[in-house]
Every structure is written in structure tokens, then in C-alpha cells.
Amino acid sequence: MIHVRLPDGSSRELSDGASAKDLALSIGPGLAKAAVAAKVNDAIVDLARPLPDGAEVALLTKRDPEALEVLRHSAAHLMADAILRVYPKAQLTIGPVVEGGFYYDIYSPDEKISPDDFAKIEGEMQKIAKAGVAFERHEVGGGAGDEVYARYKAIDGGNNKFKQEIVDGLKAQGATLSFYKHGDFVDLCRGPHVPDTGWLKHVKLTHISGAYWRGDADREQLIRVYGTAFFSKEDLKEHLDLIEEAKKRDHRVLGEQLDLFTFNEEAPGFPFFAPRGTMLFNLLVDYMRSLLRRRGYKEVKTPLILSEELWHTSGHYDNYLENMFFTKLKLRDEKEPSHIHDNVEEERPMAVKPMNCPGHLMVYRTRHHSHNEFPLRFAEMGLVHRREMSGVRHGLFRVQAFTQDDAHHFCTPDQIEGEIGMLIDFFKEVYGAFDLDDVRIELSTRPEKSIGSDEMWEKAESALENALDHKGIEYVVNAGDGAFYGPKIDFHIRDVLKRSWQCGTIQLDFSMPERFGLTYIGADGNKHTPVMLHRACYGSLERFMGIIIENYAGKFPLWLAPEQIQVLPISEKFFDYAKEVTAKLLDAGLRAEANLKDDRVGYKIRQASLQKIPYQIVVGEKEQENGTINVRSRDKGELGEMSLEAFLNSVSEERDPKRAAAPSQAA
RNA sequence: GCCCGCAUAGCUCAGCUGGUAGAGCAAUGCUUUCGUAAAGCAUAGGUCGUUGGUUCGAAUCCGACUGCGGGCUCCA
């Protein structure tokens with residue numbers, strides 16, 4: 001007899017060798033049917049595995065997030081099986097679960113697998129799922145004589161070097177090899193799996209991409225086939241709908257429809273902002289500036305191009321070279337003016353800034369500073385250029401020139417914690433204003449490529465930890481992901497479609513002030529080196545704009561809408577009245593335009609609606625006579641006839657950015 | 001940078017197995033003077049991404065380049 005403990009604290013007696021399935025049966029047939037896998041002493045295992053005596057056992061059903069991973073991993077096996085049926089020459093490598101689904105990397109140099117084949121593969125998967133065959137676990141010590149192992153080796157041709165490499169690696173570690181078999185298919189796998197393939201009916205292949213064996217570009221090119229799986233048809237549909245919705249909200253598409261920005265071949269990765277996009281950009285800047293002012297920041301402006309020498313001093317030349325743009329001279333030949341000498345080395349070569357910090361250090365250095373003016377905060381809407389490898393550019397999310405809402409705080413070591421506390425509140429207020437309240441914080445530590453001493457890094461990392469701990473902030477540690485000059489705190493925000501974006505960052509830097517020889521006069525009358533904090537809240541204004549376009553699906557709240565109101569006269573006879581109303585709206589500080597085209601009002605409404613303009617004001621004979629306006633709201637529909645004053649009153653609140661409930665007190 | 005795919009009018013796309021281009025929307029003009037998501041008619045607009053090649057002949061077939069898209073990697 002063995003005893004196991006359940007999550008509710010109770011314990012149960014089972015016969016020797018009993019499995020989690022037996023446990024489920026002993027509790028009730030309903031649970032036995034619903035159970036997917038079991039968590040035994042915090043490890044997730046198959047339902048069929050025998051339970052050890054004294055184990056803590058929790059049965060996982062489809063409600064547990066871990067169960068979904070088990071399901072998806074099983075679906076990966078199913079897909080591998082199906083792919084081998086369709087492409088007998090393909091070889092399998094690995095097939096893990098990822099966020100939102102799973103993939104399997106396939107080696108198939110002869111036969112190309114393409115999304116056109118998805119239907120065929122899915123068809124095979126359906127067949128296997130319908131058959132409802134059990135997943136069986138086999139453990140092998142690595143003995144070649146074992147039947148399952150022999151079958152496994154033969155399954156995709158008998159000479160799969162990828163699997164052999166994994167097997168060799170596991171043997172070298174002295175690990176027990178485990179295999180999972182369903183029907184005739186066998187795969188090396190740690191498990192666990194769902195009890196049988198009957199669970200895997202709600203599966204969909206999503207896309208395909210290239211990948212390398214072991215992520216190494218020098219190794220074999222593999223085909224990565226992605227899919228996703230859910231317990232129910234409804235869940236699968238919801239997931240696919242969410243993907244559809246994300247496609248509809250694609251900021252690149254909306255950017256064109258709403259006439260915000262474009263890209264041109266002449267400047268790949270550099271956005272061109274149309275008037276409305278520029279308005280939106282400026283609104284983001286205006287909002288940020290108002291908050292910076294409240295917190296005593298001093299705005300500065302520093303050059304786009306600085307001497308290459310300076311980037312040696314800052315360490316960027318050694319650590320960031322690949323991402324920088326450099327200038328080269330062109331000269332006319334003295335004797336042959338039509339001949340141009342290309343790429344002439346300058347006496348003092350220049351580089352385009354990829355970051356604003358050296359510029360701010362230069363501003364700091366222009367005069368003496370005292371501890372009395374600390375914390376000193378320099379802010380800049382700094383336009384930086386960074387070379388990106390082709391293939392990584394992506395709309396506004398990844399560009400080669402972008403504007404950072406950058407700032408550098410100069411302070412004493414004992415002011416660090418206060419500064420970080422202030423910034424956390426500050427940033428959360430900003431994200432909240434855009435209805436992005438789901439904020440996650442990560443602490444990134446020293447990367448491989450870095451400058452500064454071990455002591456300095458230790459000091460810096462513990463300063464950030466302390467600041468977070470004392471404020472009671474929950475965070476996860478991201479080891480080795482810091483900037484080359486210091487550790488950082490990153491802000492990840494989740495949008496309405498549950499996607500996560502990294503925006504804000506706070507980076508602590510003891511190195512650069514020293515490299516640039518910055519000093520301040522302390523209370524003791526002596527010179528000291530200040531501590532510097534790099535920080536950005538939006539991160540990149542361009543990218544943040546992309547995020548809010550998708551978060552709002554282009555339906556910006558009034559305060560952010562590039563064009564807030566469009567005035568639509570019924571016919572040409574009311575153009576003058578429409579202009580009059582528009583002028584009054586402009587006088588009231590609203591962004592309004594009149595549509596004076598020769599179109600019917602229905603068409604004008606359609607156009608304004610497609611442009612997602614928050615308010616449409618229709619004016620005709622009635623309004624002109626009464627001196628009123630007729631309001632139609634994008635979100636609430638027709639609001640009817642009213643006076644201009646009543647309208648202005650009704651929008652007075654939504655005209656302004658949302659303020660945080662308890663405005664944070666700036667230091 | 002790597003793998004796969006794509007590139008036709010401002011936009012969305014048609015153009016079968018090679019015989020030098022077509023629609024809808026948008027634009028412009030005219031008619032209409034209109035009441036809450038598309039009035040009618042007309043006009044204009046393309047050296048089919050660039051560049052080599054195959055061919056009597058290339059938007060169409062092949063190659064290279066550029067750009068874009070989906071990923072990998074990298075990052076804000």
C-alpha cells in the first residue's frame with residue numbers, strides 16, 4: 001500500500017504501483033475522465049506513471065495552464081507523425097511548446113514543406129486523433145537491442161543524425177532515455193503526454209519559418225512548422241480570432257488607412273510621417289513634456305553627429321559598432337572634377353549617435369555642478385539612428401531611426417533609490433494614460449560584453465534590487481541582459497490583445513560619468529563622480545505609437561486623436577455655417593476640419609467613420625437656423641442636436657489625458 | 001545576416017499553359033444641393049520593383065539585386 005497527499009491536504013491510500021489515473025478513478029469517474037496529467041511532487045507526469053509512496057499529487061485538468069502545455073506537446077508529436085506520413089523522407093529534430101502553441105523543426109532538404117500542405121497534414125492529424133490511440137512511455141537504458149529504440153531509430157529513415165546527437169548527449173550525461181509511442185510512431189521525449197490521441201482534435205497549423213539546428217547559423221537549415229492546440233473547439237476559435245483581430249489592428253495597415261505614416265524604398269526602415277501621424281507623434285511628445293515639467297526635468301538638445309573619438313570614450317565604439325552609422329567624405333578629383341573619390345577618410349571621422357547619453361554628458365561637463373542641484377535631470381526627445389540587420393525591420397516596431405524620450409539623472413549614490421521609486425510611479429502613470437495598466441517589471445544584470453569593474457557592477461545591481469524590494473515591487477530577474485554600461489530595470493506592458501511589449505527602461509551607470517571625467521562638489525567641499533541613471537518611458541516614440549495604434553485599433557481617445565472633429569455640411573448651402581462652426585471649435589482649442597466636398601452627407605459620415613474620427617458634426621438648415629450643431633459620436637452613435645457650448649462641456653474631460661488617481665509627488 | 005514567400009495604377013487585386021495590360025476604390029471634371037456608413041456620368045492615371053538572360057516575341061520562364069511580408073537571430 002502507498003499513501004499520497006492531495007492539494008486539499010487530505011491523503012489517500014492506494015495499492016502498490018497505482019498510477020495517478022487510479023487515484024483519479026478512486027476519487028470519481030468524472031475526474032478520471034477530465035484528468036490530463038498529474039503533478040507529482042511538483043513535476044508533471046503522465047497519468048499512467050506509477051506514484052511513489054508519500055507523494056504530493058495534484059491532478060491536472062484542462063483548466064490548469066500546465067495541462068495546455070502537455071496537450072500542445074502531444075500535438076507536436078501528432079504533427080510529426082502526420083508530417084512523416086506526408087513526407088516520408090523528412091527527418092525530425094525537436095518539437096517544443098512555445099507561447100501560444102508548439103512547433104516542430106524538420107530537416108527536409110529534398111522536399112519543401114509549405115503552408116499549402118497544411119490541409120493535408122491536418123487531415124492526417126485528424127485521422128490519428130480520431131483513432132484515439134494511447135501514448136505509451138518506454139524507458140530505455142540506451143541499449144541498442146531494445147525493440148522500441150530500434151523502431152525509433154528506423155522511424156524517419158534510420159540515419160537521423162539530429163536525434164542521434166541528442167541521444168549521444170543524453171547518454172553522455174548518463175540520463176535514462178524515454179520514448180513515447182502512439183500507434184506506429186515513436187519519438188524521443190521526456191514527456192509527459194495526454195493519455196491518448198483522442199484529446200488532440202482541436203489542432204491547427206499556423207505558419208512556417210526557417211530555423212537552424214541548435215540555433216547555429218553554421219549548422220543545417222531546418223523548417224519550423226508551427227501549430228497550436230486547445231482542449232475545445234471554442235478555445236481554438238477564440239485564439240484564431242485573436243490572431244485575426246491582431247492582423248486587423250496591424251499598425252502598418254492602420255497607418256496607411258488613417259494616413260499616419262508610410263515607408264518608402266528610398267529610406268528603408270525610416271518612417272515618413274504624414275500630417276496626422278506627425279500630430280499623433282507631437283501629442284505624445286506634448287504629454288511627456290507636461291509630465292517632465294511637473295517633475296523638474298530640464299530639456300536639452302544635443303547633436304545628431306559627433307566625432308568618432310567621443311564614441312571611443314563612451315565605449316560605444318567597442319560595444320555598439322555594428323549598430324552605428326558612420327560618415328564618409330566624398331571629394332572631387334582636383335584635376336578631373338567629374339571624377340569623385342568615394343569613401344574618403346576624414347581627418348576627424350564622425351558618427352551618428354545611436355544613444356543620447358554622451359551628448360548629455362557633454363552638456364553636464366560644460367560647467368561645474370554641486371550636490372545642491374542634484375538630482376539633476378536632463379531630458380531630450382533624442383533622435384537616434386541604429387543600423388539594423390536586414391530582415392529585422394518591422395513597421396514602426398523596428399526602425400533604423402527613432403526618437404527616444406530619453407533622460408539622464410545625475411545624482412549622489414544615496415539618491416538612487418529615491419530616483420528609481422519616482423520613476424516607477426511616473427512610468428506607470430504614463431502607461432495608465434494609454435489604458436496600458438498591465439505592467440511587468442524585469443531586472444537585467446551584467447551581460448558578457450560590458451565595461452566597468454566587478455565591484456561597480458555588484459554595487460549597481462544591488463542598488464536596483466534594493467530600490468525594487470523597498471518599494472515592494474514584484475519583478476523577475478533577466479540574467480545577462482543588461483546594457484553594456486550597467487544593469488537595468490525594464491517595463492513590459494501588456495496590451496488588450498495580451499501581447500507584451502518592452503517600453504520603459506531605467507539603467508544605472510557608474511562607468512560613463514567616470515570615463516567622461518564628470519564631477520560635482522559634495523557637501524564636504526571635495527570633488528566626487530556623480531552617479532548617472534539613463535531612462536526612457538515610451539522607449540521609442542515611433543514604436544510606442546505603433547503599440548497604441550494597435551492597442552486602440554486606431555480608435556484613439558479624444559485627447560490623442562489627430563483629428564478630433566469633422567464638420568459635415570449637408571450641402572453646399574451650409575458651407576459657410578460649417579466654416580463658422582469649425583472656426584469656433586478651433587478657437588476652443590479642438591482639432592477640427594470641415595468636409596467641404598461635393599458629397600452626400602451619408603458618404604461624408606462613412607469617410608469620417610472609416611477615419612475613426614471621434615466626433616462628426618452634421619450641419620444643415622435646422623442647425624443653421626437654430627445656431628446649433630448635430631453631433632454623432634464614433635463610440636456612442638448619434639447624440640442629436642445641441643448647442644456648441646453643451647458639446648464643449650460634454651467633451652471637456654476626454655480632451656485631456658487621464659491623470660493617475662493619486663498624482664505622484666516628484667522629488 | 002539566414003531561410004521561405006511576394007512585388008502589376010495612389011490603394012486592393014485580375015491578367016489561364018509567353019503574343020507589349022484590366023476592374024473596384026481613391027483622384028480630377030461635370031451634373032446634382034442632397035439629413036446620419038457608398039448619388040450619376042465622364043476623364044486621367046502603369047517603360048508590370050530594378051537589371052541581366054532565354055525567346056522571333058517576356059508582366060508571364062530563369063538568374064542577380066532592391067524592397068516588402070512570415071519567421072530565426074538581435075533589440076527599443
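Side-chain atoms are counted along with the backbone in the values below, which use heavy atoms only and exclude waters and symmetry mates. Reminder, nothing fancy here: chain letters follow the sequence lines and each chain counts from 1.
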Please give, in whole Å, the distance from [N] [atom2] to [X] [atom1]?
X	N	atom1	atom2	answer
A:Gln400	B:A76	CD	C1'	14 Å
A:Tyr577	B:C34	OH	P	18 Å
A:Ile629	B:U36	CD1	P	18 Å
A:Glu621	B:C34	CD	P	8 Å
A:Ile605	B:C34	CD1	C1'	12 Å
A:Glu265	B:C68	CD	P	8 Å
A:Asn323	B:G1	CG	P	13 Å
A:Arg543	B:C74	CZ	C1'	13 Å

task = Measure up the A:His316 and A:Tyr485 rings against each other and bin them: parallel (under 30°), tilted (30 to 60°), perpendicular (over 60°).
result =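 The rings of A:His316 and A:Tyr485 sit tilted, inter-plane angle from 30° to 60°.
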
query = How are the rings of A:Trp213 and A:Phe162 set relative to one another: parallel (under 30°), tilted (30 to 60°) or perpendicular (over 60°)?
reply = perpendicular

Look at the side chain of [X] and the base of [N], then say whether one donor and one acceptor between them are separated by less than 3.5 Å.
X	N	value
A:Asp598	B:C34	yes
A:Arg634	B:A37	no
A:Glu256	B:G10	no

Indicate, with a heavy-atom threshold strictly under 4.0 Å, whether [X] touches base, sugar-phosphate, or nothing.
X	result
A:Asp599	nothing
A:Lys247	nothing
A:Gly602	sugar-phosphate
A:Glu623	base
A:Val384	nothing
A:Glu572	base
A:Arg386	base
A:Tyr226	sugar-phosphate
A:Glu542	nothing

For nucleotides [N] and [M], find the distance between their [atom1] atoms and express it as a whole number of Å.
N	M	atom1	result
B:C48	B:U60	P	9 Å
B:A58	B:C75	C1'	43 Å
B:U12	B:C4	P	26 Å
B:A38	B:U32	C1'	16 Å
B:C56	B:U47	P	28 Å
B:A9	B:G15	P	15 Å
B:A39	B:C25	C1'	16 Å
B:U17	B:C61	P	8 Å

Can you tell which of [options] lies closest to the side chain of [X]?
X	options	result
A:Asn630	B:U36, B:A26, B:A39	B:U36
A:Arg600	B:U73, B:A76, B:C34	B:C34
A:Tyr603	B:A37, B:A76, B:A26	B:A26
A:Ile570	B:C72, B:A38, B:G35	B:G35
A:Lys622	B:C34, B:G35, B:A37	B:G35
A:Arg224	B:C34, B:C72, B:U73	B:C72
A:Arg393	B:G67, B:U73, B:A76	B:G67
A:Lys597	B:A76, B:U32, B:A27	B:A27

ask   = Of A:Leu396 and A:Gln616, whose closest RNA chain B nucleotide lies nearer the 5' terminus?
value = A:Gln616

ask   = When the nearest nucleotide of RNA chain B is assigned to A:Val392 and to A:Arg252 on a heavy-atom basis, which residue is associated with the more 5' position?
value =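 Looking at the nearest nucleotide for each, A:Val392 comes out on the 5' side.
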
Using distance alone, with no hydrogens and no angle criterion, decide if [X] and [Y] have a side-chain donor and acceptor under 3.5 Å apart.
X	Y	value
A:Thr262	A:Glu256	no
A:Asp435	A:Tyr552	yes
A:Asn595	A:Gln607	no

ask   = Do any side-chain nitrogens or oxygens of A:His394 fall under 4.0 Å of OP1 or OP2 in B:C68?
value =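 No, A:His394 has no side-chain N/O under 4.0 Å of OP1/OP2 on B:C68.
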
message = Taking only side-chain N and O atoms of A:Lys488, does any of them lie within less than 4.0 angstrom of OP1 or OP2 on B:A76?
response =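 Affirmative; the distance criterion is met.
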
inquiry  = Counting only heavy atoms not in A:Glu245 (residues, nucleotides, ligands), do more than 12 fall under 6.0 Å from its CD?
reply    =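 Yes, CD of A:Glu245 has more than 12 neighbouring heavy atoms, counting only those of other groups under 6.0 Å.
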
task = Would you indicate whether A:Lys204, at its atom NZ, is surrounded by more than 12 heavy atoms from other residues, nucleotides or ligands within a distance under 6.0 Å?
result =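 Result for NZ/A:Lys204: open.
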
query = Just wondering, do A:Trp311 and A:Phe326 contact through their side chains at under 4.5 Å, heavy atoms?
reply = no

task = Quick one: stems involving RNA chain B, counted as three or more successive Watson-Crick or G-U pairs, both distances short of 3.5 Å.
result =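 Stem list for RNA chain B: B:1-7 with B:66-72, B:10-13 with B:22-25, B:27-31 with B:39-43, B:49-53 with B:61-65.
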
query = Using the benzene-type ring in the case of Trp, are the ring centres of A:Phe544 and A:Phe434 under 6.0 Å apart?
reply = yes

ask   = With respect to A:Glu563, which candidate in A:Arg591, A:Arg634, A:Arg276 satisfies the salt bridge (Lys or Arg N to Asp or Glu O under 4.0 Å) definition?
value =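 One option only clears the test, and that one is A:Arg276.
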
Option from A:Tyr538, A:Phe402, A:Phe273 for which ring pair (Phe, Tyr, Trp, His ring centres under 6.0 Å) with A:Phe281 holds = A:Phe273

